[in-house]
Each structure stands twice: as structure tokens, then as C-alpha cells.
Peer 1: 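The structure under discussion is supplied below as C-alpha cells; questions concerning it will follow.
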Amino acid sequence: MSAVDTTTPAKVPAPPPDSPQRPRANRRSGGPAVPWLLLAPCLLILVLVLGYPLYRLVTLSFQDFGQSQLWGFKPAEWTGFGNFSKVLGDSEFWQVVLRTIVFAAGCVVFTMVVGMLVALLLQRVSGWVKTLVNIALVASWGMPVIVATTVFKWLFDSDYGVLNAVLSKLPGVDMVGHNWFASGPEGLAVIMLLVVWGAIPFVVITLSAGLTQVPQELEEAARLDGAGPWGVFRYVTLPILKPVIVMLTTLSVIWDMGVFPQVFVMRGGHPEAEFQLLTTWSYDRAFVVNDYGQGSAIALLTVLLLLGVVAVYMRQMLKIGEVE
């Protein structure tokens, strides 16, 4: 008989009875209610800051609310969709809508094109040049809108404007005393330049961060396959940057559709009819004409229009997620 046969096997303790225990992840997270508890302060602030003003905006848009109601001389009367009928039946409203869409589209296109060109340029310059450009971008981005608008107003001034003086130095060009705001298209073009100038830094910085995620191996492979610079950008860089571009385009549309201080300050607080956008026209109806009901109706229609833009953005992002 061998030693192995005579050795007494060690007793293995029996496993404890199964006891219902929560998974370790659930014990650490504290249950599904913890995320909502953490988000509660932020949601409460959003409800207080945005919820009540939006509620008042909706209620005012269905009321006949003027200066008498504001001072308490008369009670507010519910008019149903009367304010919306007046606004939608006004030909000036549709002119303002078309002008706002064209203005916002021009701002978005110029912002994205120039921003992309600058971001691509920053990838091909030396380090100190990139640093100087980034400093200039951050400085322009941090400049208050009122200050930037005042600077542009001075640059394009008809009597003392720097731009007119510089352009007049060119052979055959006489821009002395030229009033850029004598017509709506020229004036809105100046305001568009102001909006684009203020929006480019964010777009350039964001696109530059996105370009760092483009694999160099893919670009080299595309060049070896015979693709030129445009081909590399179209088939390699652009698809990788598509989520960033969709996000930036949507944010730019929302911001440019809501442009107010640039127009308001550039026109001295009283924009003419050919300079009116949805935001300024809503302000004039509410605080100049003292028809708060129609002003609220215009603002609510603007919000619904922007919600349509957000819906398109969400659809595009979902498509991108399905492809990935």
C-alpha cells in the first residue's frame, strides 16, 4: 500500500448556502435612483431658469397683453390663436423669416468654410506660428460682443472708417464717405462679417482638436494609392470629422438664428425694417409697439423653428451612430 493510499484526504469545507446578494456594481452605484439624485440640482436650476420663462412665453402668446395689462389697469384676455393668425398673416413676418434664414445660412457657410481652412492651415505651420494664431483666436473669442460690435461700427464708419480709407488707396477706387448701412444687403453683410469673426475661434479650436484624431496611417495610405490633397481630405479626413462638423453646423445655425446684440447695437438700438431679423422684430413688437402677445408669438415661432433644426441634428447623429 502506497503513501498516497494511506493519506487521509483533507476535508474541504462545504460552500455556504447561496444567499441572495446584489451584484457588486449595484452595491457601489447605490441603485438606479442615484444618477437622478445627482442630476436633480441641475434639473431644478434648468426648470427655474428656463421653465418658467418658457411657460410665460407660451401663455403670453395666447393673450392680448399690452401696456395696460402690464401696469394692471386691465386683465389679460385670452385670444387663442389670434396672435399667431395676425403674425402668420403679416407679409412682413415672412420677409423677416426669409431674411433671417438667408442671414443665418450665409453666416454658417462662411464660418464653417473659413474655420476649416484655418484649422487645416494650423496643422501645417510651425509651433510658434500655431501658438500665435491660437492666442489671437482666444483673444477674439473672449472679446465681449458689445466691444466687438463697436469696433466693427468704427471700422465701417462712413466718415472716419478705416476700411473706406484703405480701400480708397487702391487705384480707381473711391470709397470716401461711403455708407455701408445705406442699404439692407450691404449692412447685413457687415453684420455677417462681425458674426463670422466672433464664431470662427470656436470652430477652429474644435476642428483642430478633431483633426488630431485623424490617423496619419490612413492619410499616408491614401497618398500611396494616388489620392491628391483634395482626395485625402474628402475620403479620409472629412468622414472622420463628420460628427464634429454636424455638431458645429447645428450649433452655428442655432446661434446665428438668434443673433440680436450685433444688429441692435450696430443700428443704434433702432434697426430699420430692412435690418430686422426674427429676434429684433420680436423685441420691437414687444417693447417698442408694446404688444407683448405678438412679440411672444414671434418668439415662440422662432423657438419652434429652432426645434426643427435640433430634430435634424439628432437625426443626423443617430445615423452616424448606426453607421459606426
Peer 1: Verify, without hydrogens or angle tests, whether Ser158 (side chain) and Gly177 (backbone) share a donor-acceptor contact under 3.5 angstrom.
Peer 2: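 Absent.
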Peer 1: Is it true that Lys86 and Asp291 make a salt bridge, defined as a side-chain N closer than 4.0 Å to a carboxylate O?
Peer 2: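 Salt bridge between Lys86 and Asp291, a charged N being under 4.0 Å from a carboxylate O: no.
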Peer 1: Between Met247 and Thr206, is there a side-chain heavy-atom distance shorter than 4.5 Å?
Peer 2: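 They are in contact (side-chain heavy atoms under 4.5 Å apart), so the answer is yes.
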Peer 1: Taking side-chain contact (heavy atoms from CB on, under 4.5 Å) as the definition, give me every residue that meets it alongside Trp255, ordered by chain and number, with sequence neighbours left out.
Peer 2: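 If we apply the side-chain contact (heavy atoms from CB on, under 4.5 Å) test to Trp255, skipping adjacent residues, the hits are Phe202, Leu251.
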Peer 1: Could you work out the complete set of other residues in the hydrophobic cluster of Tyr55, with links drawn between I, L, V, M, F, W and Y side chains under 4.5 Å apart?
Peer 2: Tyr52
Peer 1: Tell me, do Phe275 and Ile191 make a side-chain contact under 4.5 Å, heavy atoms counted?
Peer 2: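 They are in contact (side-chain heavy atoms under 4.5 Å apart), so the answer is yes.
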Peer 1: Find the distance between CG (Leu163) and CG (Asp157) and round it off to the nearest 0.5 Å.
Peer 2: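 Output value for this atom pair is 11.0 Å.
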Peer 1: With the side chain counted from C-beta on, respond yes when Ile135 and Thr131 share a heavy-atom pair under 4.5 Å apart, and no when they do not.
Peer 2: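 They are in side-chain contact.
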Peer 1: Do Ser282 side-chain atoms and Leu278 backbone N/O form a donor-acceptor pair below 3.5 Å?
Peer 2: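 No: the side chain of Ser282 does not pair with the backbone of Leu278.
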Peer 1: Strictly distance-based, threshold 3.5 Å: is any side-chain N or O of Gln276 a donor or acceptor partner for the main-chain N or O of Ala273?
Peer 2: no
Peer 1: What class does the angle between the rings of Trp180 and His178 fall in, given that below 30° is parallel, 30 to 60° is tilted and above 60° is perpendicular?
Peer 2: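 Perpendicular.
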Peer 1: Is a side-chain N or O of Thr59 found less than 3.5 angstrom from the main chain of Arg56, in a donor-acceptor match?
Peer 2: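 Indeed, once roles are kept as given, a pair shorter than 3.5 Å links the two residues.
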